[in-house]
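Since the structure comes first, as structure tokens, the remarks are kept for the end.
One is the number of the first residue; the rest follow in order along the sequence. In this text the structure is predicted, and so the values were computed from the model without any measurement.
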Amino acid sequence: MKVINTQNAPAAIGPYSQAFEVGNLIITSGQIPVDPKTQEAPSGIEAQANQSCLNVKAILEAAGSSMDKVIKTTCFLSDMENFAKFNEVYAKHFTSKPARSCVAVKTIPKGLLCEIEAIAEK
């Protein structure tokens, strides 16, 4: 088991790691849409979905994996009214169409609109 950490994705805001490598799998923590350089989140679901995807990508690349090796994602939305717009952005990043769960939750840290976690092969 190996901890994965990169400065190209936001640092954890709690007592957890960005990701773990276990065997041939990379398991990420949920990635909120915070730009690791500015520590700010963009506004709007499209921009936030894009940033969450970029954060997942950065972690996977730091672990020696990639977006096309993702086998499962779990996506959290603060409002299912954003589902269609979220999907448009998500589809551009996860082109291999991994298995996915997408649920609405009451709140996401920092009042954000989405969060994405992933499991990928190394």
Has K72 got more than 12 heavy atoms of other residues, nucleotides or ligands less than 6.0 Å from its NZ?
yes
So how far is it from S29 OG to I116 CD1, rounded to the nearest 0.5 Å?
13.5 Å
Closest heavy-atom contact between F83 and L77?
CA-CD1, 3.8 Å
Are I71 and L25 packed together at the side-chain level, in the sense that at least one heavy-atom pair is separated by less than 4.5 angstrom?
yes
Taking it one step at a time, do E40 and D35 satisfy side chain to side chain contact (heavy atoms under 4.5 Å, CB included)?
CA-CA 6 Å; E40 299 292 325; D35 183 317; 5.7 Å; no
For the CG atom of L112 and the OG atom of S43, what is their distance to the nearest 0.5 Å?
11.0 Å
Determine all donor-acceptor pairs shorter than 3.5 Å in which one atom belongs to a side chain in residues 47-58; sequence neighbours excluded.
from : atom 1 : to   : atom 2 : distance (Å)
Q48  : OE1    : L113 : N      : 2.8
Q48  : NE2    : P42  : O      : 2.9
N50  : OD1    : H93  : NE2    : 2.7
Q51  : NE2    : N55  : OD1    : 2.9
S52  : OG     : Q31  : O      : 3.0
S52  : OG     : Q48  : O      : 3.4
N55  : ND2    : I32  : O      : 2.9
N55  : ND2    : V34  : O      : 3.1
N55  : ND2    : Q51  : O      : 3.4

CD1-CD distance between I59 and E61, expressed to the nearest 0.5 angstrom
11.0 Å
Can you name the residues that form a side chain to side chain contact (heavy atoms under 4.5 Å, CB included) with A63, not counting sequence neighbours?
I4, I26
Rounded to the nearest 0.5 angstrom, the OG1-CZ distance for T74 and R100 is 10.0 Å
Under 6.0 Å from the CD atom of Q7, do we count more than 12 heavy atoms belonging to anything else shown?
no
Evaluate the side-chain proximity of D79 to F86: yes if any heavy-atom separation is below 4.5 Å, no if none is.
no
Grouping I, L, V, M, F, W and Y whenever their side-chain heavy atoms are under 4.5 Å apart, do I108 and V103 come out in a common cluster?
yes
What pair of heavy atoms forms the shortest contact from V70 to T73, and how long is it?
CG1-CG2, 3.6 Å
Residues 14-24 side chain polar contacts: donor-acceptor under 3.5 Å, at least two apart:
from : atom 1 : to   : atom 2 : distance (Å)
Y16  : OH     : I13  : N      : 3.2
Q18  : OE1    : T6   : N      : 2.6
Q18  : NE2    : T6   : O      : 3.0
Q18  : NE2    : A9   : O      : 3.2
Q18  : NE2    : P10  : O      : 2.9
E21  : OE1    : K122 : NZ     : 3.2

Check: F76 and E117 side chains under 4.5 Å, non-hydrogen atoms
yes
